[in-house]
Amino acid sequence: MRKVNIGLIGCGNVGAGVVKWVQKNSDLIEARCNMQLEIAKIAVKNVQKDRGLSIDQSIFTADASTLVNAPDIDIVVELIGGIDEAKPLVISALKQGKPVVTANKSLLAFHGAELFKLAEDNNSDIYYEASVAGGISIIKYLKEGLVGNHINLIYGILNGTCNYILTRMAQNGEKFDDVLKEAQKLGFAEADPGLDIDGHDTAHKTCILASLAYGEWFEVDSIYVEGIRNLELQDIHNASEAGYTIKLLGIIKLNSGRVQMRAHPVLVPSTSLIAKVDNEFNAVWVNGDIVGDAMLYGRGAGQDPTTSAVVADIIDVALNIKCNSANRVAAFQPHKSYSKVLPMPEISSRYYLRLSLEDKPSVLANIARILGDANISIASVVQKESDSNKLPVILITHTAKEADINSAIEKIEDLSVVHGNPIILRIEDI
Ligand code: HSE
């Protein structure tokens, strides 16, 4: 039976999972692909550290470059994350024609185009299922399952940490900071949790999905990003009273030949399937012109779901080695179908606005006039009685242009009867 040697760079949460499951499921893996997978070398910062793994300590090295260059390493698995250290190692592997498996969403979001070109030029592979919603194989689904479809839209709950926080705030009224700490303890959050809660992790994953859907590796900076750091319990509660649930979504949509790409919190109808995706679970809703609607659901953060994706990628690469068919399914196939990004001011949406207003005659009338003058129609208004002179007023609009909302909000903010900053959230009628 052919043996394939794996060089693992990084042995943290996911790396340790890969070692554990490649060993534990070795009989099944061998039976299914007629190959033997061997973890031959592991590069880590601290070789002495006890990782609780039953593996020969002598395979640990502190020298990742030597691992990449070793002639007996067939597959390089990069699990250190980040860009600065990971990128040169991945480039070096690809230049030697060695296939790479990675979970590194930021590396691909920022440098995917360059790395995929390098893989193609060197007849090598990059597999990256674990970079987006690990447990649910969305990359393979887009690249292979939906290869004959034009993609009309994708909605993704792509960050387990944020979904966990939003669920616990909505269902138990828990505080943001407390739930974030718990998500960190459970191993869902990034080393820098700002990447999760400020929406960047979702944006990186949105960039990868949009690029696969539309055939151009988009600039990650062209994605509009907002996180959940400033979401308040009262908005989650108000949304719920109006029949909505707040989720952090990656949104990718075709608009008359242009692509919308955004990552931000959004009110979705509480009756929708997406609203029912709770805790650390991820989900991706896709609409393709042949398949229609499809939704994939499962865990995307944490050791085991990510490991499951990495192991599947290793096996795909091993099969390519066995059949001498590197690049049969390109890591990314550029095709110019829809390469223009729709600028954010041009998108249309419904909006939730929370204003803190003085309780005086004509205040609401003035707000309604400003919105009306900006061509924005109000769908509902809720004003709650209060003893204080700061009345919370919640307005939900009909569909309006983002540019119009922005200019109306500027005028509303200038009114002396408006306290603080208005809260603006978009609504997606999924
Ligand atoms: N921090 C990420 C999340 C891990 O919470 O989803 C998986 O990419």
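Keep in mind that what you see is a predicted model, and the values were worked out from it rather than measured. Note that ligands are numbered from 1 as they come in the structure, with each ligand's atoms numbered from 1 the same way.
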Short N-O contact, Asp177 and Lys181, less than 4.0 angstrom: no

Atom-level proximity to ligand 1, residues with heavy atom under 4.0 Å: Lys105, Leu158, Asn159, Gly160, Thr161, Phe188, Ala189, Glu190, Asp196, Asp201, Lys205, Gly300, Ala301

Any side-chain heavy-atom pair of Leu231 and Leu425 under 4.5 Å: yes

Pairs where residues 254-275 contributes a residue and the test salt bridge (charged side-chain N to carboxylate O under 4.0 Å, His left out) is met, not counting sequence neighbours: Arg258-Glu346, Arg262-Glu428

side-chain hydrogen bond (donor to acceptor under 3.5 Å, both in side chains) assessment of Gln260 paired with Tyr224: CA-CA 9 Å; Gln260 286 186 41; Tyr224 176 83; over 6 Å; no

Cation-aromatic face contact Lys185/Tyr164, 6.0 Å, 45 degrees: no

Centroid-centroid under 6.0 Å between Tyr128 and Phe116 rings: yes

